[in-house]
Amino acid sequence: MVQSGSWTLAQQSGETTISAGQFLLRRSLPLRGFEVTAGTSAQVVGCAADVLGPHAKGPELSGSLTQPEAHLLLTQAALVGDMAETLSRTGTQAARNALLEPVRGLLNQSTDSGEPSP
């Protein structure tokens, strides 16, 4: 998720550039290299394949950080990052689990149907 600047990933299949205001979902495959423009600000969220569902094996997926789901993910990731060192083991696990739902919402534009509705 790139908030400012740009990040270019070079892989066997070519290059992909993520500009300010965009996110990119991709499998963690070997890179040939990368470039980051000066002043780039970005967050990287790593998830297990089962969290990503059908996107885990599919092609790269990109989109806009202007989506409400992206705002929620960025805000929640920042909060978890700020508090990570003070959380207990149980609190860390709960924060991790809570962070996964905005990821799913952003990628699928839906929520987990097994979860209770408000």
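Since the structure is predicted, the reported quantities are computational estimates derived from the model, not experimental observations.
- For the pair L99 and L73, the minimum side-chain heavy-atom distance is below 4.5 Å.
- Panel note: side chain S4, backbone G39; a donor-acceptor pair is recorded below 3.5 Å.
- Counting only distance, with no hydrogens or angles, the side chain of T75 and the backbone of L72 share no donor-acceptor pair below 3.5 Å.
- S88 places a side-chain N or O within donor-acceptor distance of the main-chain N or O of G91, the cut-off being under 3.5 Å.
- Neither L79 nor L100 shares a network with the other; the hydrophobic side chains, linked directly or stepwise wherever heavy atoms of I, L, V, M, F, W or Y lie under 4.5 Å apart, form separate groups for each.
- When side chains are defined from C-beta on, I18 counts as touching L9, because their heavy atoms get closer than 4.5 Å.
- Rounded to the nearest 0.5 angstrom, M1 CE and S41 OG are separated by 10.5 Å.
- Residues Q3 and A20 share a closest heavy-atom pair of O-CB, 3.6 Å.
- Q43 approaches A77 most closely through the heavy-atom pair NE2-CB, 4.0 Å.
- When hydrophobic clusters are built by joining Ile, Leu, Val, Met, Phe, Trp and Tyr residues whose side-chain heavy atoms come closer than 4.5 Å, directly or via intermediates, V80 is not grouped with V103.
- A distance of 4.5 Å separates CD of Q11 from OG1 of T16, quoted to the nearest 0.5 Å.
- Counted within 6.0 Å of CD on E35, heavy atoms from surrounding residues, nucleotides or ligands total 12 or fewer; the atom is thus considered open.
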Next on the checklist: Between V2 and Q22, is the side-chain contact (heavy atoms from CB on, under 4.5 Å) condition met? List the steps.
Outcome noted: CA-CA 6 Å; V2 177; Q22 294 181 312; 5.8 Å; no
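- The two residues S64 and A70 come nearest to each other via the heavy atoms O-CB, 4.0 Å.
- Here the side chain of T37 pairs no donor or acceptor atom with the backbone of G5 at under 3.5 angstrom.
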